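Worth saying up front: this structure is predicted, and the values here are computed from it rather than measured.
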Amino acid sequence: MTSVSTRPAISGTPSAVSVLALVRSIERHRPDAPAAIAFRTALARKGREAHAVGGAQALDALQREIATAESGRAETRAAVLTAAWSGLMPQRS
């Protein structure tokens, strides 16, 4: 497991550590569990904060860092982030 930065990639945006903590928390619960819903709400808020400061570049930086933290979980975590940040991230072709 690679460590993630406690410092934001772009000043004023949430750190990858804080975002990864929310993603890990979501992974521990059933999708319809109240805790998972609360964590997804917090993750969406972190995405809005990052986007407000650094746009899509900030979201991409966070997603890349989280994907490299545990490469075996990268695809699943990308799906969690994409769902939470829908409407904020540019569509990939």
Side-chain angles (χ1 to χ4, degrees):
M1 175 164 69
T2 304
S3 64
V4 294
S5 177
T6 58
R7 303 189 76 166
I10 298 174
S11 180
T13 63
S15 69
V17 147
S18 67
V19 172
L20 182 57
L22 289 169
V23 172
R24 285 178 174 159
S25 296
I26 290 166
E27 291 174 335
R28 288 193 292 266
H29 297 280
R30 289 186 341 268
D32 60 343
I37 293 166
F39 291 131
R40 281 195 309 273
T41 299
L43 184 58
R45 185 178 59 250
K46 295 269 187 194
R48 288 190 303 274
E49 291 169 4
H51 191 267
V53 173
Q57 179 184 0
L59 297 175
D60 283 342
L62 283 168
Q63 191 164 10
R64 276 193 312 275
E65 190 163 358
I66 289 167
T68 61
E70 294 174 64
S71 60
R73 304 212 40 86
E75 195 171 307
T76 301
R77 291 182 173 169
V80 169
L81 291 173
T82 299
W85 296 344
S86 65
L88 298 174
M89 297 179 76
Q91 296 299 315
R92 303 220 191 269
S93 50

- Item | Value rounded to 0.5 Å, distance of CG in Leu20 from CD in Glu70 |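 Those atoms lie 6.5 Å apart.
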Atom pairs and distances, donor-acceptor, side-chain atoms in residues 35-49, under 3.5 Å, two or more places apart:
| residue | atom | partner | partner atom | Å |
| --- | --- | --- | --- | --- |
| Arg40 | NH1 | Pro31 | O | 3.0 |
| Arg40 | NH2 | Pro31 | O | 3.0 |
| Thr41 | OG1 | Ile37 | O | 2.9 |

- Query: What are the two closest non-hydrogen atoms of Pro14 and Val19, and how far apart are they?
  - Reply: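 Heavy-atom minimum between the residues: CB-CG2, 4.2 Å.
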- Message: Using modelled atom types and a 3.5 Å cut-off, is there a donor and acceptor pairing between side-chain atoms of Ser71 and backbone atoms of Thr68?
- Response: no
- Item | Heavy-atom check, side chain of Gln63 versus side chain of Arg77, under 4.5 Å | no
- Residues which pass side-chain hydrogen bond (donor to acceptor under 3.5 Å, both in side chains) with Ser25, listed by chain and number, not counting sequence neighbours: Arg28
Pairs under 3.5 angstrom only: tabulate donor-acceptor contacts from the side chains of residues 51-59 to other protein residues two or more places apart or in another chain.
| residue | atom | partner | partner atom | Å |
| --- | --- | --- | --- | --- |
| His51 | NE2 | Leu88 | O | 3.4 |

